[in-house]
There are 2 protein chains.
Amino acid sequence: MEKEVTIYDIAKQLNLSPATVSRALNDHPSINSNTKELITAKAAELGYRSNAFASNLRRQRTNTIGVIVPRLNSHFVSSVLSGMEKVANERGYNLIISQSQESVKKEKASAKTMFNGRVDGLLVSLAYDTEELDHLDVFIKKGIPLLFFDRVSTHTKATSVVIDNVKAGYDATAHLIEQGCQRIMHVTGNLKRNVYTDRLKGYKLALIDHNLPYDESLLMITDMSREAGIDVAQQISNMYNKPDGLFITNDLCAVSCMAALKKESFRIPQDIAVVGFNDDPVAQVIEPNLTTIHYPGEEMGEIAAQSLINHLNGLVNIQTTNTIVLHFELVVRESSVRTTG
Amino acid sequence: MEKEVTIYDIAKQLNLSPATVSRALNDHPSINSNTKELITAKAAELGYRSNAFASNLRRQRTNTIGVIVPRLNSHFVSSVLSGMEKVANERGYNLIISQSQESVKKEKASAKTMFNGRVDGLLVSLAYDTEELDHLDVFIKKGIPLLFFDRVSTHTKATSVVIDNVKAGYDATAHLIEQGCQRIMHVTGNLKRNVYTDRLKGYKLALIDHNLPYDESLLMITDMSREAGIDVAQQISNMYNKPDGLFITNDLCAVSCMAALKKESFRIPQDIAVVGFNDDPVAQVIEPNLTTIHYPGEEMGEIAAQSLINHLNGLVNIQTTNTIVLHFELVVRESSVRTTG
DNA sequence: AAAATTTGTGCAACCGATTGCAATTTCAAA
DNA sequence: TTTGAAATTGCAATCGGTTGCACAAATTTT
């Protein structure tokens, strides 16, 4: 185990001051370019590696971005993280990732860790039932930039990166209506979260625009799990006045629901047309393939990270840009297409 | 933006030395318990938060673990990460996660970042085509513990966490044979990676044990992508002497292959029985449901993190425990079960 | 040739916590 | 009361870069 090389070692060998070495290594303009070359060469020769802590300690920043997600093992989240990692890495930032496991309590704990870890900025997608945001307010109070993505908050003045969930909900519903559906059931998640309320809004607007009544008994709030999907199928099966369209705001849930419906010998899309949300890989595996909203996870991650880093570097002010809205796409597949209305 | 509270502030207010405050906050035994109470109370009152950098700088450790994975957006990997995060978080460690995107080059860059970031330990699952391990050797040279999981290396003396891939390959193949398959095709990935060579070994052993010939034309090396699955189906379709069993070491690939085969009107499992690997969610969506090897991702992550942290805390020596083998399970579903051989 | 700039380096004080060793206090045993 | 050990606490150096300011050298301007 060799001992570490420091700028002092380099300075001594070259008969320079550590200050000069430090500046040279950081490409400071006031250092002569010959000196710089000399120093970088020597640094390479000695196998010098910068000590991030010393630097962080002195500069009071960490080059680290905290990320809090509801859970790690979902296709969408991991795509987002992949995008974030890509960008962060390119720009010299590290990512510290933590999952709330959909619990406020864990979310608070994670926030605290990030806070103590003195992340330079924080990227958050809220847990299922988070309401108060005190645990995140501390960041704002300390001037640590905070950016929400996907599951965002309306309360604070933090920037958000989202898709237009209202429009997505509208498009999904309108598509079903165009396919001749008259009674469209909407299965969604906790309405505390923007993604779900917004999609519901879109659903309602589409109904209105097409002169269809809004029937509260066709709205189901669930936890969007596989079990929930099966449960929904069961309920539909027991209904007297069955729906002929189904808009479920999560592909995994939609897929398990479809499987259950098929077991009950519903024909999809003839008896009931289905639209999901997220464009999870399973959407292209289920038969019939699931129509869904394609949701740019990777891109969302890239943009969220990009924005935060730009803000940190003083290029853009996050406080002014309040919401970044990304494009989504309705991907029509067999689960919703009726040859004849 | 309030200024940070330091141990000096606490010390001054209580007329104590920073040394005492530091010790008290770390629950050092030689500090009087009354003093400790006094200090912790004051710290809470002032909203003190420890500065990790100062501490890291002084103690020369970061309480951070680096993780390098081939890619983030795969079900298996995100399960592993979820497990790692859980454990690391409980034990006061942070995770810095980076993806190699299956490229050695990126893997090297990530390793360097981790190295400079002075992670306390490193958890690695190798990229597709990594051969030399110089970029990881530096860690060992510096005495930074290195632990491989899943895609492990045979060269170094680092500990590995894996499943018994030989046995898994054997079981999958034997299962197909028991179902009456005589010509089993094996689709797998780059044989530089243990997971694939081992599964191939198992495949071969099962053939031998059941007196079946090993036919090289039934082995296909692919990149395990969806496209590869479609390609395999195409090739099978063009074969004169078609296989009646298919063992694909990745569910996503298996599923796309199945879909393509179905289009060519192969009946599964009657014409060709299929076994996958990983127990990805899609395995339960495809019809018929895919028989596969259930692979404990979350657990693998937990154990890998656990072992590394235990080593860091001097509880166990990682260098002596060389390989940790986890259980796997063959989950039999419809894709492989033939009512009559 | 003197004065005013510009350029390039160094000094030394940070950043905040940790820790070996010394110093002081406390308390019991002699 | 003295002595010695044990329990507490403090001193001061250290971890390795960073940066405001001073200063010297080189260059340009009068």
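In what follows, chains are A, B, ... by sequence order, proteins preceding strands, each numbered from 1. For clarity, every value in this text was computed on a predicted model and none was experimentally measured.
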| task | Establish, from distance only, whether the side-chain atoms of B:Gln60 and B:Arg118 form a donor-acceptor pair under 3.5 Å. | result | no
| field | Nucleotides bounding contact with chain A, strand DNA chain D, heavy-atom threshold 4.0 Å | value | D:dG16 to D:dC21
| query | Under the 3.5 angstrom rule, does the side chain of A:Ser110 hit a backbone N or O of A:Lys106 as a donor-acceptor pair? | reply | yes
| message | Using a strict heavy-atom distance below 4.0 Å, which residues from residues 13-37 of chain B are in contact with DNA chain C? | response | B:Ala19, B:Ser22, B:Arg23, B:Asn26
| request: Apply the salt bridge (Lys or Arg N to Asp or Glu O under 4.0 Å) test between A:Glu131 and each candidate in A:Lys192, A:Lys108, A:Arg193; give the one that qualifies. | output: A:Lys192
| query | Using 30° and 60° as the class limits, which term best fits the ring planes of B:Phe53 and A:Phe53: parallel, tilted or perpendicular? | reply | parallel
| Check: A:Ser100 main-chain N/O paired with A:Glu107 side-chain donor or acceptor under 3.5 Å | no
| Under-4.0 Å side-chain N/O to phosphate OP1/OP2 contact, A:Gln60 with C:dG16 | yes
| Have A:Asn94 and A:Thr64 got a donor and an acceptor in their side chains that come within less than 3.5 Å? | no
| query | Would a distance-only check, ignoring hydrogens and angles, find a side-chain to backbone donor-acceptor pair under 3.5 Å from A:Asn89 to A:Glu85? | reply | no
| What does A:Tyr8 touch in the nucleic acid at a heavy-atom separation under 4.0 angstrom: a base, only the sugar-phosphate, or nothing? | base
| request: Measure across B:Asp120 and B:Asn63 and return the closest heavy-atom pair with its distance rounded to 0.1 Å. | output: OD2-N, 2.6 Å
| query | Where does DNA chain C form stems of at least three consecutive Watson-Crick or G-U wobble pairs, each pair having both distances below 3.5 Å? | reply | C:1-30 with D:1-30
| Got a donor-acceptor contact below 3.5 angstrom from the A:Thr323 side chain to the A:Ser160 backbone? | no
| request: Check the distance between C:dC14's P and B:Asn51's CG and give it to me in whole angstrom. | output: 17 Å
| said: Looking at B:Asn194 and B:Val152, would you say the former's side chain and the latter's main chain have a donor-acceptor pair under 3.5 Å? | reply: yes
| remark: From CZ of B:Arg59 across to P of C:dT18 the rounded distance in Å is 6 Å
| request: Salt-bridge test for B:Lys36 and B:Asp27: reply yes if a basic N is under 4.0 Å from a carboxylate O, no otherwise. | output: yes
| note | Atom CZ of A:Arg58 and atom C1' of C:dA12 are separated, to the nearest Å, by 11 Å
| message | What is the distance, to the nearest angstrom, from the CZ atom on A:Phe53 to the C1' atom on C:dA17? | response | 14 Å
